[in-house]
Colleague: 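Mind having a look at this structure? Questions to follow.
We use all heavy atoms of the structure for the numbers below, so side chains are in, but hydrogens, waters and symmetry mates are not. Lettering of chains follows the sequences in order, A, B, ..., and the numbering in each one begins at 1.
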There are 2 protein chains.
Amino acid sequence: MWSVSTSERLIESTRELLWERGYVGTSPKAIQRRAGAGQGSMYHHFDGKPDLALAAITRSADELRVAADAQFTAPGTAVERITAYLRRERAVLKGCPVGRLTQDPDVMADATLRRPVEDTFAWLRERIAGVLTEGVQSGELAAGLDPAATAATVVAVVQGGYVLARAADSTTPFDQAVDGVLGLLAAQPAG
Amino acid sequence: MWSVSTSERLIESTRELLWERGYVGTSPKAIQRRAGAGQGSMYHHFDGKPDLALAAITRSADELRVAADAQFTAPGTAVERITAYLRRERAVLKGCPVGRLTQDPDVMADATLRRPVEDTFAWLRERIAGVLTEGVQSGELAAGLDPAATAATVVAVVQGGYVLARAADSTTPFDQAVDGVLGLLAAQPAG
DNA sequence: GTCTATACGGCGATAGAC
DNA sequence: GTCTATCGCCGTATAGAC
């Protein structure tokens, strides 16, 4: 048996804290405490708070892509895959670990930290637009459906659903928002 | 002529800073500087940071309701009013001054500060559901459309649209997300 | 009402011993 | 690699003079 390395624990602790409290609300001291690491230890492995945050953000972004891609790559019609993506299990009340960073002024002001966030959503919209395009081409979806716009809608419903859920302190509005788009999508006249 | 009162300037400065940097990222000192008020002045008019934040949040929430209600109360069909709401002019890259607070752990942990946020979104979903119900009843929208779910979708698209716009540093994805839902809504088979 | 003085702990980092 | 010491500045107030 072996324990995870200190640097590993620092990254994971940072990921959790960024998720819970954001960049501005997360201090090096809090990270160290959660990781069970000392001051010197943290500054040995990382240059400072931004460097550690970059490692954490990059990992969260990568995880998000992998998790999402699993739904889009699975077999099924376009609508089935979009449905699988929207209905996949999520920590709804915690919100999106990547989308959350969008509200963090110090993250958005730093080009390096901002990059993974920007790339993640660009990729996600692109990927979903691709799935929708397949649906249009196969005649499953109306020919008039705009894949890029609809993809943005799908991603926005998820991100906005988190906001509504947190505001209500209940997962219900998230589920409703998802049901809402899926209802609209299902009622489309076939192409 | 008269100048605005100091307490008024403190509230407005707090609103701006909460919008730009969130509660955790906003310090009393920063508020004072922006308001052109001294330390003692701020603590004379308000009990402290939470008290001042409550005044700011309440006002922003009230403003949001008034602005939204204008679209819903205007004449027009249900879809026209929803469209007016979704397309109304917004500071897209700044995001929603109320929805943003949803990501602020210290706001959500304080029942008093949280209240206006919760109420605002509950009201908004309710209000939109009402408009959609009218649309269903008049036959403008399909009988199968779920007003509550679709209302959640509409609000989520706006809130999520802000996230996408900030991530991309461009208003384009917001507009696409809006176009996307409106496209789906318009393509509904009539009831 | 507004000002200055003072307080104490936390933030983010560096230095140097072990 | 990890620890403790130290640093200067900021956050969030309180006290009391004007």
Colleague: I want to check one thing: is the phosphate of C:dG1, taken as OP1 and OP2, less than 4.0 Å away from some side-chain N or O of B:Thr6?
Modeller: no
Colleague: Categorize B:Thr26 for me: base, sugar-phosphate, or nothing, with a 4.0 angstrom heavy-atom threshold over every strand shown.
Modeller: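 The residue B:Thr26 makes sugar-phosphate contact but no base contact.
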Colleague: Which residues satisfy the side chain to side chain donor-acceptor pair (under 3.5 Å) test with B:Asp51, sequence neighbours excluded?
Modeller: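 None.
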Colleague: Throw together a table of side-chain donor-acceptor distances under 3.5 angstrom for residues 165-186 of chain A, partners on residues two or more places apart or in other chains.
Modeller:
unit_1	atom_1	unit_2	atom_2	d
A:Arg166	NE	B:Thr102	O	2.7
A:Arg166	NH1	A:Leu93	O	2.9
A:Arg166	NH2	B:Thr102	O	3.1
A:Ser170	OG	A:Thr172	N	3.0
A:Ser170	OG	A:Thr172	OG1	3.1
A:Gln176	OE1	B:Arg125	NH1	3.1
A:Asp179	OD1	A:Arg87	NH1	2.7

Colleague: For nucleotides 3-10 of chain C, give me one character per nucleotide, 5' to 3': B if any protein heavy atom sits under 4.0 Å from the base, S if the only such contacts are to the sugar-phosphate, - if neither.
Modeller: BB------
Colleague: I need the CD1-C1' distance between A:Ile31 and C:dA13, as an integer number of Å.
Modeller: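 Atom-to-atom, A:Ile31 to C:dA13, this comes out as 13 Å.
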Colleague: Output the single nucleotide from D:dT12, C:dT2, C:dG12 whose closest atom is nearest the side chain of B:Pro28.
Modeller: D:dT12
Colleague: By side chain to side chain contact (heavy atoms under 4.5 Å, CB included), which residues pair with A:Glu12, not counting sequence neighbours?
Modeller: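 Counting only residues at least two positions away or on another chain, A:Glu12 forms a side chain to side chain contact (heavy atoms under 4.5 Å, CB included) with A:Glu8, A:Arg15, A:Arg59.
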Colleague: Hydrophobic cluster mates of B:Leu17, side-chain heavy atoms under 4.5 angstrom, ILVMFWY only, any path?
Modeller: B:Leu10, B:Ile11, B:Ile31, B:Met42, B:Tyr43, B:Phe46, B:Leu52
Colleague: Does A:Lys94 make a cation-pi contact with A:Tyr162, if we ask for NZ or CZ under 6.0 Å from the ring centre and within 45° of the axis?
Modeller: no
Colleague: Output all residues satisfying side chain to side chain contact (heavy atoms under 4.5 Å, CB included) with A:Arg127, sequence neighbours left out; order by chain, then residue number.
Modeller: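 Side chain to side chain contact (heavy atoms under 4.5 Å, CB included) check on A:Arg127 returns A:Asp69, A:Phe72, A:Thr73, A:Trp123, A:Val131.
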Colleague: Name all residues meeting the side chain to side chain donor-acceptor pair (under 3.5 Å) criterion together with B:Gln71; count only those two or more places apart in sequence or in a different chain, and write none if there are none.
Modeller: none
Colleague: Specify the separation, in whole Å, of atom CG of A:Leu17 and atom P of C:dC11.
Modeller: 11 Å
Colleague: Can you sort out the partners of B:Ala67 under side chain to side chain contact (heavy atoms under 4.5 Å, CB included), two or more places apart, ordered by chain and number?
Modeller: B:Arg88
Colleague: Under a 4.0 Å N-O cut-off, is there an ion pair linking B:Arg114 with B:Asp110?
Modeller: no
Colleague: Strictly by salt bridge (Lys or Arg N to Asp or Glu O under 4.0 Å), give each pair with a member in residues 98-108 of chain A just once, sequence neighbours left out.
Modeller: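 Counting only pairs at least two positions apart or across chains, the salt bridge (Lys or Arg N to Asp or Glu O under 4.0 Å) contacts touching residues 98-108 of chain A are A:Asp106-B:Arg21.
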Colleague: Please report, rounded to the nearest Å, how far the P atom of D:dG1 is from the CD atom of A:Gln32.
Modeller: 18 Å
Colleague: Near DNA chain D, under 4.0 Å by heavy atom, which residues of residues 45-60 of chain A?
Modeller: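 Result for residues 45-60 of chain A: A:His45, sorted by number.
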Colleague: Could I get the full list of side chain to side chain contact (heavy atoms under 4.5 Å, CB included) partners for A:Ala122, not counting sequence neighbours?
Modeller: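 For A:Ala122, no residue satisfies side chain to side chain contact (heavy atoms under 4.5 Å, CB included) once neighbours in sequence are set aside.
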Colleague: Could you identify which residues of residues 106-115 of chain A place a heavy atom less than 4.0 Å from some atom of DNA chain C, listed by residue number, or say none?
Modeller: none
Colleague: Could you check how far CZ of B:Arg9 sits from P of C:dG1, rounded to whole Å?
Modeller: 13 Å
Colleague: Mind calculating the distance between NE2 (B:His44) and P (D:dA13) to the nearest angstrom?
Modeller: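 Taking NE2 of B:His44 and P of D:dA13, I get 17 Å after rounding.
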